[in-house]
Amino acid sequence: MTGTPGGPGAPTVIGVDAGSADLRGADHLAHDLVARLGLPDTTVACTHPVRSGERPHIAVSLALPDADTAASVWHRLVTLLTEADEGRPSSGAALGALRHGPESYADGAALAAAEQHSRARGRAVVYPGAGRLVGTVPLSFVLQHTAIERVTVVGAPSGPGGGPAPDTPVTTRDHVRPLWKDGQLVLPLVPAAGDLLAPFEVPDPTPCCADHC
């Protein structure tokens, strides 16, 4: 580990790369870290593809509310990863200039942290209000009670007056994964049977983290 977290302008997004082979594994990692580190409800945990290293895989990022929280979480995370690796480092982490673990995984973690910091890329797994998106809810509920700021409907016109009505039902399938785009969390939707809308991403295989929600 190098450097010391904290101080003015300190980073607030931590990246973790455990070499997850697929989204299912990365989702599980994100939920597990949020639970085991006791992260606040404002945390946004995202997944990020990593194409460097021995094989393509997926890393995660954890956006914390402030630098002091990030510094505290960093120390707990390093302890957690060190204990889990049992002296054989197999995962990496990054917070600003700080690095932990093998270089390839630390670099993947840094990439994930940078992408969420820019709010240009990242698939959100944990975010404020995510646990309330179960069953079928009005579109207005999605936008008013979660961190999702905008929706798009695949194949539908965009722009003023081109979006779905606020009372349009959204069948969540208990699996809602918005994406960072241009500084906003945006949820891609598709038309579904019965004049409903549904998230573009299908929960297949069945989400592994239902017990964490």
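Note: hydrogens, waters and symmetry copies are ignored here, and every other heavy atom, side chains too, is used.
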Here the pair of heavy atoms bringing Val176 nearest to Tyr127 is O-OH, 2.9 Å
Treating Ile, Leu, Val, Met, Phe, Trp and Tyr as nodes and any side-chain heavy-atom pair under 4.5 angstrom as an edge, say whether Leu111 and Tyr105 lie in one connected cluster.
no
Show me the pairs that pass salt bridge (charged side-chain N to carboxylate O under 4.0 Å, His left out) and involve residues 35-49, at least two apart or across chains.
Asp32-Arg36
Return the NE2 to OG1 distance between His175 and Thr172, rounded to the nearest 0.5 Å.
10.5 Å
When you check the side-chain N and O atoms of His48 and Asp17, is any donor under 3.5 Å from an acceptor?
no
Any side-chain heavy atom of Asp167 within less than 4.5 Å of one from Ser140?
no
Apply side-chain contact (heavy atoms from CB on, under 4.5 Å) to the pair Val44 and Trp180, showing each step before the final yes or no.
CA-CA 11 Å; Val44 178; Trp180 279 117; 4.2 Å; yes
For Thr146 and Gly129 the tightest heavy-atom approach is CG2-O, 3.6 Å
Does the side chain of Pro164 come within less than 4.5 Å of Val153's, by heavy atoms?
yes
So which heavy atom on Leu143 is nearest to which on Arg150, and how close?
CD2-N, 3.8 Å
CZ of Arg55: more than 12 outside heavy atoms within 6.0 angstrom?
yes
Look at the side chain of Ser20 and the backbone N and O of Asp22, then say whether any donor-acceptor pair between them is shorter than 3.5 Å.
no
Compare every heavy atom of Pro191 with every heavy atom of Val154, then report the nearest pair and how far apart it is.
O-CD, 4.3 Å
Test applied, side chain to side chain contact (heavy atoms under 4.5 Å, CB included); reference residue, Leu189; option that passes from Thr168, Val142, Leu196, Val170:
Val170
Out of curiosity, Cys46 SG to Arg119 CZ, how far, rounded to the nearest 0.5 Å?
10.0 Å
For Leu39 and Val73: C-alpha separation, side-chain torsions, deciding distance, then whether side-chain contact (heavy atoms from CB on, under 4.5 Å) applies.
CA-CA 8 Å; Leu39 301 188; Val73 170; 3.5 Å; yes
For Pro199 against Val190, the heavy-atom pair lying closest together:
O-CG2, 4.1 Å
Linking I/L/V/M/F/W/Y whenever their side-chain heavy atoms sit closer than 4.5 Å, directly or via other members, would Val125 and Val186 fall into one cluster?
no
Does the side-chain contact (heavy atoms from CB on, under 4.5 Å) test come out yes or no for Val13 and Leu64, once each step is laid out?
CA-CA 6 Å; Val13 182; Leu64 288 312; over 6 Å; no
Could you go through Leu23 and Thr47, starting from their C-alpha distance and side-chain angles, then the distance that decides it, and tell me whether this counts as side-chain contact (heavy atoms from CB on, under 4.5 Å)?
CA-CA 8 Å; Leu23 290 176; Thr47 64; 3.9 Å; yes
Distance, nearest 0.5 Å, that separates CZ of Arg123 from CD of Gln116:
13.0 Å
Should Asp27 and Arg177 count as an ion pair when the cut-off is N to O under 4.0 Å?
yes
How long is the span from the CG atom in Leu95 to the NE2 atom in His75, to the nearest 0.5 Å?
9.0 Å
Spell out, yes or no, whether Leu33 and Ile58 are grouped together once hydrophobic residues are joined by side-chain heavy atoms under 4.5 Å, including indirect joins.
no
Are Leu98 and Val60 grouped together when hydrophobic residues (ILVMFWY) are joined by side-chain heavy atoms under 4.5 angstrom apart?
yes
Kindly say whether Asp68 contributes a backbone atom to a donor-acceptor pair with the side chain of Ser72 at under 3.5 angstrom?
no
What's the spacing between Arg173 CZ and Leu133 CG if we round to 0.5 Å?
13.0 Å
Which value, rounded to the nearest 0.5 Å, describes the distance between Leu62 atom CG and Thr69 atom OG1?
12.5 Å
Any side-chain heavy-atom pair from Pro49 and Arg51 closer than 4.5 angstrom?
yes
Quick one: which residue pairs count as a salt bridge (charged side-chain N to carboxylate O under 4.0 Å, His left out) with a foot in residues 101-116, not counting sequence neighbours?
none
Tightest non-hydrogen contact, residues Ala192 and Thr171, listed as CB-CG2, 4.4 Å
Determine whether Leu185 and Leu179 fall in the same hydrophobic cluster, where Ile, Leu, Val, Met, Phe, Trp and Tyr are linked whenever their side-chain heavy atoms lie under 4.5 Å apart.
no
